[in-house]
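See below for the structure under consideration.
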Amino acid sequence: MEIPAINLKAIVLVHWLLTIWGYMAFAFMPASYAWGNFTVFAVGVWAIAQRDSIDAVLMFLVGMMVTMLTDMIHIGIYYPAGEALLDRARDTFRFSAGMAILSLLLKPVSCFFVYQMYRERGGDYNVNFDLETSVDSRCTTDSSDSVLLGRRY
């Protein structure tokens, strides 16, 4: 089954809009929420502008993953403070909190599609712990070692 191609512009636009709505009740979220997310969006614009850059897409992917963690922390710490607001402000707070949570819930899906774009651009992040080869190379002697010692087998 082939994974559908999602445009990077759509990912950046959706998360940008959700972040703006999430920061609308600025009494709810601190400035670090906006700075973190908008910095990642700047890297996303860089990834859009340079279509063949592997580094830009990788940095955008890592930034999205880091902002998932920081968004969880921001929402967890600052959500209780928003509940103490007056009725009119509480409605704005709830909308803002809902958009921040929706953005947070969509980020893993977006990271999956950004990773696919990273692979399409030629990025290859393979972690290979080849333990058998490294153990074998320490236990056996190389032929150059035996020549240096003056022994021939």
Looking at residues at least two apart in the chain, or sitting in another chain, which of them share a side chain to side chain donor-acceptor pair (under 3.5 Å) with Thr70?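 With neighbours one apart ignored, the set is empty.
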Run the side chain to side chain donor-acceptor pair (under 3.5 Å) test against Thr19 and tell me which residues pass, sequence neighbours left out.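 For Thr19 there are no side chain to side chain donor-acceptor pair (under 3.5 Å) partners, ignoring immediate neighbours.
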Report the residues that fulfil side-chain contact (heavy atoms from CB on, under 4.5 Å) with Ile101, sequence neighbours left out, ordered by chain and then residue number.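 Here the qualifying residues are Ile75, Leu105.
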For Ile73, give me all partners under side-chain contact (heavy atoms from CB on, under 4.5 Å), at least two apart in sequence or on another chain.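 Expected list: Leu69, Ile77.
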Provide the closest heavy-atom pair for [X] versus [Y] in the form atom of the first, atom of the second, distance.
| X | Y | answer |
| --- | --- | --- |
| Ala47 | Ala56 | CA-CB, 3.6 Å |
| Ala31 | Tyr23 | CA-OH, 3.6 Å |
| Val57 | Val114 | CG1-O, 3.6 Å |
| Met24 | Ser96 | N-OG, 3.6 Å |

About how many Å separate CE of Met99 and CG of Leu18, when rounded to the nearest 0.5 Å?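 Nearest 0.5 Å value for the CG-CE distance: 6.5 Å.
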Could you tell me the separation between the CZ atom of Phe113 and the CG atom of Asn7, rounded to the nearest 0.5 Å?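 Going from CZ on Phe113 over to CG on Asn7, the span is 12.0 Å.
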What do you reckon, are the aromatic ring centroids of Tyr79 and Phe93 less than 6.0 Å apart?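 Judged by ring-centre distance (under 6.0 Å), Tyr79 and Phe93 do meet the cut-off.
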Is there a continuous path of hydrophobic side-chain contacts, each under 4.5 Å between heavy atoms, that joins Met117 to Val45?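 They do not share one cluster, since no chain of ILVMFWY contacts under 4.5 Å joins Met117 to Val45.
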Check the hydrophobic clustering (I, L, V, M, F, W, Y; side-chain heavy atoms under 4.5 Å; chains of links allowed) and say if Trp21 and Leu102 are grouped together.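 Result: yes, single cluster for both.
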Contact list for residues 30-49, test salt bridge (Lys or Arg N to Asp or Glu O under 4.0 Å), sequence neighbours left out: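 Output for this query is empty, none listed.
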With salt bridge (Lys or Arg N to Asp or Glu O under 4.0 Å) as the rule and sequence neighbours excluded, what pairs involving residues 33-42 come up?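 Counting only pairs at least two positions apart or across chains, no salt bridge (Lys or Arg N to Asp or Glu O under 4.0 Å) contact touches residues 33-42.
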So which pairs with a foot in residues 48-63 pass side-chain hydrogen bond (donor to acceptor under 3.5 Å, both in side chains), sequence neighbours left out?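 Found Trp46-Gln50.
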Show me, pair by pair, the donor-acceptor contacts under 3.5 angstrom made by side chains of residues 58-68, not counting sequence neighbours?
| from | atom 1 | to | atom 2 | distance (Å) |
| --- | --- | --- | --- | --- |
| Thr67 | OG1 | Gly63 | O | 3.1 |
| Thr67 | OG1 | Met64 | O | 3.0 |
| Thr67 | OG1 | Lys107 | NZ | 2.9 |

Residue list, ring pair (Phe, Tyr, Trp, His ring centres under 6.0 Å) with Trp35, at least two apart or on another chain: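 Trp35: no ring pair (Phe, Tyr, Trp, His ring centres under 6.0 Å) contacts found.
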Show me the donor-acceptor pairs, under 3.5 Å and distance only, between side chains in residues 8-16 and residues at least two apart or in other chains.
| from | atom 1 | to | atom 2 | distance (Å) |
| --- | --- | --- | --- | --- |
| His15 | ND1 | Ser103 | OG | 3.4 |
| His15 | NE2 | Ser110 | OG | 2.6 |

